[in-house]
Amino acid sequence: MPFLSLPGFDLDATLDAGQTFAWERRADGSWQGFAGDQPCIVAARPGGVDVLHGPVDAVRRYFFHTGPEGERLLDALPPDPAVQRALAACRGLRLIQDPWWPCTASFICSSLKPIPHIRQLHWRLRRAWAAPGADFPDLPFPSPAQVASAGEQALRRLGLGFRARHLHAAASVLAEGRWDFSRLQGLPTEEAARQLRSLPGVGDKIAHCILLYAGGRLDAFPLDVWMIRIMQRHYRKPGRRLRRPADLHRFAARHLGPLRGLAQLYLFHHARMEKTRPDQDDKSGQGKAISPWSAPLLPPGNRPRSAVA
DNA sequence: ACCCAGGGGCAAG
DNA sequence: CTTGCCCATGGG
C-alpha cells in the first residue's frame, strides 16, 4: 500500500479543524473522504500517511501545503505572539483544498451549527443521492442541478432547517448558469468575496471560508464568533473599537499581513482545542469550561430575550 | 428545561 | 451604515 511521506504533518488536526467536512473518521482511526472528487482512505503514520484507497496524487494535491513550500509558509507567518503560540501547538495542521461547490454547500449548511453537525449534514447530502444500498466510496457530492431539482422541502427533510432555503436557492443559481466560480479568477480577494456574496446564504464569513478552503487564498480571513473572541482577547486596546467586521478585517490585514487566512486557521483550531482539552486538574475529565474570554460576545440570534416585557 | 452552535437576510432606526 | 430579530435542528 502506498505511503506518502509528509514530514511533520498532523492528519487528525488537518481533517478536524473545521476547514473541510468531506472526511469521516473510521472505527480504526483512519479517515475516509474525498480529495477533490476522488474517494480516498488515509491513515496517519509516523512521517506521513498511508493511502489505503484512492489515487496518491489526489491526496498529495489535496494536502497542498505540505512539503518544503508549506514549511516555508509557516516560517513566514506573522511574528504575533498569539499566532506563534497557536502555530507551536498545532504545527502539523495544514491547509487543504476542497472543490468549490461541495465547500460552498457545506458552509451554507454551517450557520449556527457545531462542526460535527456540519459534517453530518455534508454526508447526509452525499448519501441522499447515492444509489440504493450504496455507501463509500460511491458517494459523489450532489451537483447543483441535483440539489436544485430536489426542492427545498427535500432538503428540510434532511435536517437542514432554515439553511434549506439558502442551499436550494444557491444551487439553483449555479444550476441555471446565472453565476459561476470562474468569475472569481483574477479578482482581488475582497472583490471575489463580494462576488461570492451574491450567492444566497453566502455572507461575508462564508465567502472568506470558500476563498480560503477552496480557493487557496491565504489572505481570505473568515470572521466567525471564535475569531471575534480571539481578536478581542488579544488585540483590543482600551481606545480602539475593533468590533465591526470592517475594523477587524482592517486590523487583520495590517497586523497579520497577507498570510492572515493561514494564521486564522491556527488561531481558530488552537482556541477550539483549548476549549475541549481535558484539564489536568479536573479529575472528572470533563474539560474546563472555557478560558476566560474577556468578552464572550453572544451571537445576536442567541441573545437572551429581554426579561422585561 | 435550558443553552449554544465556524451566520445570513431583512426591516427598521 | 448600524442594530434587532428571525430563521430550525441537534447535542450537551
Side-chain angles (χ1 to χ4, degrees), chain A residues 13 15-22 86 93 95-96 98 103-125 152-170 173 193-194 196-214 220-232 241-250 252 260-261 263-276 278 284-290 293 296-308:
Chain A
L15 294 181
D16 208 21
Q19 48 176 343
T20 180
F21 307 96
L93 168 61
L95 188 67
I96 53 85
D98 264 337
C103 177
T104 300
S106 299
F107 275 104
I108 288 176
C109 295
S110 75
S111 299
L112 286 182
K113 280 288 184 195
I115 287 173
H117 290 187
I118 307 168
R119 180 181 287 116
Q120 185 175 22
L121 291 175
H122 177 102
W123 285 85
R124 274 189 205 169
L125 286 168
E152 179 186 332
Q153 291 311 315
L155 297 176
R156 279 182 188 272
R157 264 175 256 126
L158 291 180
L160 283 179
F162 60 82
R163 306 153 197 85
R165 179 189 303 278
H166 295 150
L167 183 60
H168 180 256
V173 168
R194 205 184 333 277
L196 272 168
R197 273 192 273 122
S198 67
L199 288 176
V202 178
D204 180 71
K205 184 265 175 181
I206 292 179
H208 282 265
C209 284
I210 296 166
L211 289 170
L212 182 58
Y213 303 130
F221 194 74
L223 274 175
D224 69 325
V225 291
W226 284 86
M227 266 305 129
I228 295 172
R229 288 175 190 152
I230 290 166
M231 294 181 74
Q232 292 275 326
R241 297 175 55 99
L242 206 60
R243 177 155 58 118
R244 301 172 314 198
D247 295 330
L248 291 161
H249 276 299
R250 209 172 6 256
R260 56 191 177 279
Q264 175 270 163
L265 181 65
Y266 293 92
L267 288 171
F268 176 83
H269 186 252
H270 182 54
R272 224 166 55 89
M273 293 303 96
E274 284 293 315
K275 174 177 177 179
T276 53
S284 73
Q286 299 292 321
K288 59 179 166 186
I290 192 169
W293 304 111
L297 282 194
L298 291 172
N302 290 338
R303 198 159 290 152
R305 300 288 185 272
S306 170
V308 294

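The analysis underlying the following values was restricted to heavy atoms, covering all of them including side chains, and did not include hydrogens, waters or symmetry mates. Predicted, not measured: the structure shown is a model, and the values here were computed from it.
- For residues 162-169 of chain A, proximity to DNA chain C is found at F162(A), R163(A), defined as any non-hydrogen atom under 4.0 angstrom from a strand atom.
- Side-chain N or O atoms of Q264(A) include none that pairs as donor or acceptor with a backbone N or O of M227(A) at under 3.5 Å.
- Ring geometry, Y213(A) versus F107(A): the interplanar angle falls under 30°, so the pair is classed parallel (tilted spans 30 to 60°).
- A close approach under 4.0 Å does occur between a side-chain nitrogen or oxygen of R229(A) and OP1 or OP2 of dA5(B).
- Distances were taken from every side-chain heavy atom of L112(A) (C-beta onward) to each of dA8(C), dG8(B), dG6(B); the shortest belongs to dA8(C).
- Here F21(A) lies out of heavy-atom contact (under 4.0 Å) with every strand.
- Among residue pairs with one or both ends in residues 105-115 of chain A, those qualifying as side chain to side chain donor-acceptor pair (under 3.5 Å) are S106(A)-H122(A); sequence neighbours excluded.
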Exercise. In sequence, state the C-alpha distance, the side-chain angles, and the governing distance for L93(A) and M273(A), and then conclude on side-chain contact (heavy atoms from CB on, under 4.5 Å).
Key: CA-CA 12 Å; L93(A) 168 61; M273(A) 293 303 96; over 6 Å; no
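- The residue R197(A) sits apart from the nucleic acid: no heavy atom pair falls under 4.0 Å.
- Listed nucleotides: dG11(C), dA8(C), dG6(B). Nearest to the side chain of R156(A): dA8(C).
- I228(A) places its CD1 atom 10 Å from the P atom of dG8(B), with the value rounded to the nearest Å.
- Taking the P atoms as reference points, dC6(C) lies 16 Å from dC3(B), given to the whole Å.
- E152(A) places its CD atom 12 Å from the C1' atom of dA8(C), with the value rounded to the nearest Å.
- dG6(B) and dC5(C) are spaced 24 Å apart, taking the P atom of each and rounding to whole Å.
- Stacking between F268(A) and the base of dG6(B) is present: ring centres sit under 5.5 Å apart and the planes differ by under 30 degrees.
- Atom CE of M227(A) is separated from atom P of dA5(B) by 15 Å (rounded to the nearest Å).
- Partners of A169(A) under the side chain to side chain contact (heavy atoms under 4.5 Å, CB included) rule, at least two apart in sequence or in another chain, are P200(A).
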Quiz item: Are L95(A) and Q19(A) close enough, and set up right, to give a side-chain contact (heavy atoms from CB on, under 4.5 Å), and what steps lead you there?
Solution: CA-CA 8 Å; L95(A) 188 67; Q19(A) 48 176 343; 3.6 Å; yes
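- Atom CG in D224(A) sits roughly 10 Å away from atom P in dG8(B) (whole-Å rounding).
- The CD1-C1' distance, from I115(A) to dT9(C), rounds to 17 Å in whole Å.
- Heavy atoms of F107(A) sit nowhere under 4.0 angstrom from any nucleic acid atom.
- When both distances must be under 3.5 Å, the Watson-Crick or G-U wobble mate of dG12(C) is dC2(B).
- For the atom pair CD1 of I206(A) and CG of L196(A), the computed distance is 10.5 Å after rounding to the nearest 0.5 Å.
- Looking at which nucleotide of DNA chain B each of L223(A) and P200(A) is closest to, the 5′-most match is held by L223(A).
- To the nearest angstrom, P of dG7(B) lies 7 Å from CD1 of I118(A).
- Remark: C1' of dA5(B) and CD of Q120(A) are 14 Å apart, rounded to the nearest angstrom.
- With both pairing distances under 3.5 Å, dG4(C) is matched to dC10(B) as a Watson-Crick or G-U wobble pair.
- For Q264(A) against dG6(B), a side-chain-to-base donor-acceptor contact under 3.5 Å is present.
- The side chain of K113(A) lies closest to dT9(C) when the candidates are dT3(C), dT9(C), dG6(B).
- Pairing each heavy atom of L112(A) with each of R163(A), the nearest pair is O-NH2, 3.5 Å.
- Side-chain proximity of W226(A) to the nucleotides dG7(B), dA8(C), dG6(B) is greatest for dG6(B).
- As rounded to whole Å, 11 Å separates atom P of dT9(C) from atom CG of L158(A).
- The minimum heavy-atom distance linking K205(A) with D224(A) is given by the pair CE-CB, 3.7 Å.
- Nucleic acid contact for G159(A): sugar-phosphate only, since backbone atoms but no base atoms lie under 4.0 Å from a heavy atom of the residue.
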